[in-house]
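Single-structure report; data block below.
Here the structure is a predicted model, which means the values were calculated and not measured.
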Amino acid sequence: MKMSQVFSRTLREVPVGAESLGYGYLVRAGFIRQLGAGIFSLLPLGLRSIRKIEGIIRDEMEKIGGQEILMPVVNPADIWKETGRFYSIDREMSRFQDRVGRDMVLAMTHEECVTDIARFEIDSYKRLPQLVYQLQTKWRDDPRPRAGLIRVREFTMKDSYSFDRDYEGLKKQYLAHYHAYFRIFDRCALPSIAVGSDSGMMGGKIAHEYMYLSPIGEDTIITCAKCGYTANRQIATFVKEHTSEAELPLEEKFTPNCATIEELAEFLSIPKTKTAKALFMMGTFVDSTSGEEVQKLIVGIVRGDLDIEENKLQNAAKANALRPAHADEIKAAGMEPGFGSPIGCAKDVLVLVDDSVAHANNLVAGANKVDYHFLNTNFGRDYTGEVVDIASAVAGHLCSVCKNPLTQSKGIEIGNIFQLGTRYSESMNCMYQDEGGVRKPVVMGSYGIGVGRLLACLAEEYHDESGLQLPISAAPYQVHLVSLIKDTAIAEQVYKQLEDAGIEVLYDDRKESAGVKFADADLIGIPIRITLGNRSLKEGKVELKLRANPLEIHQIKLEDLTKDVHKIIADLQRAIHDSMYEREVGDEI
RNA sequence: CGGGGCGUUGCCUAGUGGCUAAGGCGCUUGCUUUGGGAGCAAGAAAUCGGAGGUUCGAGUCCUCUCGCCCCGACCA
């Protein structure tokens, strides 16, 4: 490609709003342009990178038996009503009516659609297992798009769906994805880890997220350095140590100006572990067949030194959504904000008690009266509720597997895999007959990768102060040919020679100064740069530099150019391949 | 959805009630230059996000509204 003809141009300055460096470079280098909040166009350079990444994904999906399909973005709402997600998913899914008033949705994922297809195609165990995948546009009306391509509303997703006769089969396909995903990220040269995760709106039980660790990430990952336990904080567990002592009588105590646990512990001169705190949330519960919504007050109780993990709370409550409860809603249920506890609360309140509290004695808790607390509250004696795990794991807590102190880090979710089970096949009647003629629900899995987000993460990982340095597997071109000579005939010839040899070349044929050309080459960051200048050409040579290693200059004879470039490309590709490694995966997945 | 910030030419900015809205980059034309964002000269390009209001006079003040960004809520 001749640079004089490239549709996009480069920008000298970072446009306003580009906070993260990688995003700023993707815009400056002309890979992407923003149309609206969380809505981007891919320009030729950006699309070439995306196509490279998609190529890797396709390759790895085919290797594990995936067959590519393409499902529609617009779905009739009927199938979403069948699974209940038409009602349970909030405004993140956009809905509209067609010309005759039928409910339609913009599918934000395709379990419903693919299950609808599968219930037609699959009727016998002989037609299982199956694996289909697609690369398709998703629209998710995210309330908070941010950081360029990291979190957008419209994006391309690779989603695959597996169908098996039983959980053994599902486990196989899940494991195949587990490895394939690592191979995909490795081939893109993006460092990644897999963490245990919440299944969220997908349903099902077992799920993993793939994370690119980055300080700009929005997810918190809890890790044990000793045994290798990793999990999203949303579900991470930890050891809650407790001692038991004889129960003491309940006692009301005047505790002025003690609305927080810190103030209370200081006022009473007790450790925070001897207190219990309450979090009041209003939960929305949706009937998945009628779509009827019910609101219910939820009280979460956790030991004073811990915090409540809202995701765990929502799961424990089996609520579709949570929001902080208003003061009047709390009071209406017989409790007092700031001095609240479930002691004496209304019957219809859902009380969820963390095991840290359920297994402790004589905790100080709110007396549901301003400026008063109870001393010596005991779960079971003074109040009841469901015992659950709703506490948030933080660095320093002990690993629930090996009791080693946990650490935490920030990550960006680049992919996820879910064992769906029969959640969709049962609600949509996707059945097969086994050898004995017994009808059984197909066992499903669902697996996603955000393609644009992957590129965004690569831009975060690979850049310096001059621009991008994308790895050769994801860079839009392999070679950037910078011509500084007046004689265009020679440059054209070198360009043609490289292209004819099957090398992807971006040829800077513009009538610009050397400085401009070099600056743009650095910005776009094609891995290999070849400079045609009078200095070297006098000796029949050209200069070659690697973007990642700008200090090392190679002088290459013109007649060896194609051969040498092929070798360097192969070396760069091999370096990525050599850094891949097989990860140990046990049966615990 | 709550809190905060910002909308001035293609991009980045200046402009705190007063003359024809200023500069840098980019763009066009000409000449010069050609190994790290060149020089000189001449140009084009802005209904100052939109609507309403206050005022003799509004980019500037007020109200409403739209958009974008950040923090939070949220989120596969």
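Positionally, the nearest nucleotide of RNA chain B for Gly38(A) lies more toward the 5' end than for the other of Glu310(A) and Gly38(A). A residue-by-residue look at Arg151(A) and Phe40(A) shows that Phe40(A) has its nearest nucleotide of RNA chain B further toward the 5' end.
Residue Leu35(A) contributes atom CG, which lies 9 Å from atom P of C68(B) at whole-angstrom precision. Between the CZ atom of Arg144(A) and the C1' atom of C68(B) there is a distance of 12 Å, rounded to whole Å. Rounded to a whole Å, the NZ atom of Lys410(A) is 13 Å from the C1' atom of C71(B). In this structure, Met281(A) atom CE and C74(B) atom C1' are separated by 11 Å, rounded to whole Å. Nucleotide C70(B) holds its P atom 12 Å from the CG atom of Asp142(A), rounded to whole Å. Per the geometry, CD1 belonging to Ile216(A) stands 15 Å off P belonging to C69(B), to the nearest Å. In this structure, Asp219(A) atom CG and C75(B) atom P are separated by 11 Å, rounded to whole Å. At whole-Å resolution of the value, CZ in Arg33(A) and C1' in C68(B) are 17 Å apart.
Both distances falling under 3.5 Å, in either a Watson-Crick or a G-U wobble arrangement, place C1(B) opposite G72(B). Using N1 to N3 plus N6-O4 or O6-N4 for Watson-Crick, or N1-O2 and O6-N3 for G-U wobble, each under 3.5 Å, G10(B) pairs with C25(B). Base-pair partner of C64(B): G50(B) (Watson-Crick or G-U wobble, both distances under 3.5 Å). Shown here, G57(B) forms no base pair; nothing in the strands shown gives a Watson-Crick or G-U wobble contact with both key distances under 3.5 Å. The partner of G30(B), taking Watson-Crick or G-U wobble pairs whose two distances both stay under 3.5 Å, is C40(B).
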Only pairs under 3.5 Å count here: list side-chain donor-acceptor contacts from residues 145-159 of chain A, not counting sequence neighbours, and write none if there are none.
residue, atom, partner, partner atom, Å
Arg146(A), NH1, Glu218(A), OE1, 3.4
Arg151(A), NE, Asp142(A), OD1, 3.2
Arg151(A), NE, Asp142(A), OD2, 3.0
Arg151(A), NE, Arg144(A), O, 3.0
Arg151(A), NH1, Glu218(A), OE1, 3.3
Arg151(A), NH1, Glu218(A), OE2, 3.0
Arg151(A), NH2, Asp142(A), OD1, 2.7
Arg151(A), NH2, Asp142(A), OD2, 3.4
Arg153(A), NE, Ala37(A), O, 2.9
Arg153(A), NH1, Asp141(A), OD1, 2.8
Arg153(A), NH2, Ala37(A), O, 3.2
Lys158(A), NZ, Ser160(A), OG, 2.7
Lys158(A), NZ, Tyr181(A), OH, 2.7
Lys158(A), NZ, Tyr447(A), O, 3.4
Asp159(A), OD1, Gln134(A), NE2, 3.3
Asp159(A), OD1, Lys138(A), NZ, 3.3
Asp159(A), OD2, Gln134(A), NE2, 3.0
Asp159(A), OD2, Lys138(A), NZ, 3.1
Asp159(A), OD2, Tyr161(A), OH, 2.6

Per-nucleotide protein contact string for nucleotides 25-38 of chain B (B base, S sugar-phosphate only, - none; heavy atom under 4.0 Å)
SS--------BBBS
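OP1 or OP2 of C1(B) sits under 4.0 Å from a side-chain N or O of Arg91(A). Contact annotation: Gln34(A) side-chain N/O to C69(B) OP1/OP2 distance is under 4.0 Å.
Taking atom P on both C68(B) and U28(B), the two are 31 Å apart, rounded to the nearest angstrom. A gap of 13 Å separates the P atoms of G7(B) and G50(B), to the nearest Å. To the nearest whole angstrom, the two P atoms, one in U60(B) and one in G53(B), are 14 Å apart. Straight-line distance between the C1' atoms of A22(B) and U63(B): roughly 30 Å, to the nearest whole Å. Between the P atoms of G17(B) and G59(B), the separation comes to 13 Å (whole Å). Between the C1' atoms of U16(B) and G57(B), the separation comes to 16 Å (whole Å). Rounded to whole Å, the separation between the P atoms of A58(B) and C19(B) comes to 12 Å. Using atom C1' as the reference point in both G15(B) and C71(B), the two lie 30 Å apart (nearest Å).
Among the heavy atoms of the strands lying under 4.0 Å from Ala147(A) are primed sugar atoms or P, OP1, OP2 only; no base atom is included. At a threshold of 4.0 angstrom between heavy atoms, the contacts of Val14(A) are confined to the sugar-phosphate backbone, with no base atom among them. Using a 4.0 Å heavy-atom cutoff across all strands shown, Gly415(A) reaches no nucleic acid atom at all. Here Tyr210(A) lies out of heavy-atom contact (under 4.0 Å) with every strand.
Considering only residues two or more places apart in sequence or on other chains, Lys545(A) meets the side chain to side chain contact (heavy atoms under 4.5 Å, CB included) condition with Arg529(A), Ile553(A). Legend: residues meeting side chain to side chain contact (heavy atoms under 4.5 Å, CB included) with Glu13(A), ordered by chain and number and at least two apart, are absent. Tyr25(A) is linked by a ring-ring contact (aromatic ring centres under 6.0 Å, His included) to His463(A), counting only residues two or more places apart in sequence or in another chain. A search for side chain to side chain contact (heavy atoms under 4.5 Å, CB included) contacts involving Leu11(A) returns Pro15(A), Val27(A), Arg28(A), Arg33(A), not counting sequence neighbours.
Side chain to side chain, Gln173(A) and Asp164(A) meet the donor-acceptor criterion of an N or O pair below 3.5 Å. Side-chain polar atoms of Tyr462(A) and Arg547(A) form no donor-acceptor pair below 3.5 angstrom. Using modelled atom types, one finds no donor on one side chain facing an acceptor on the other under 3.5 Å when comparing Gln408(A) with Thr220(A).
Ring geometry for Phe182(A) against Tyr210(A) counts as perpendicular: the plane angle is over 60°, on a 0 to 90° scale with 30° as the lower cut.
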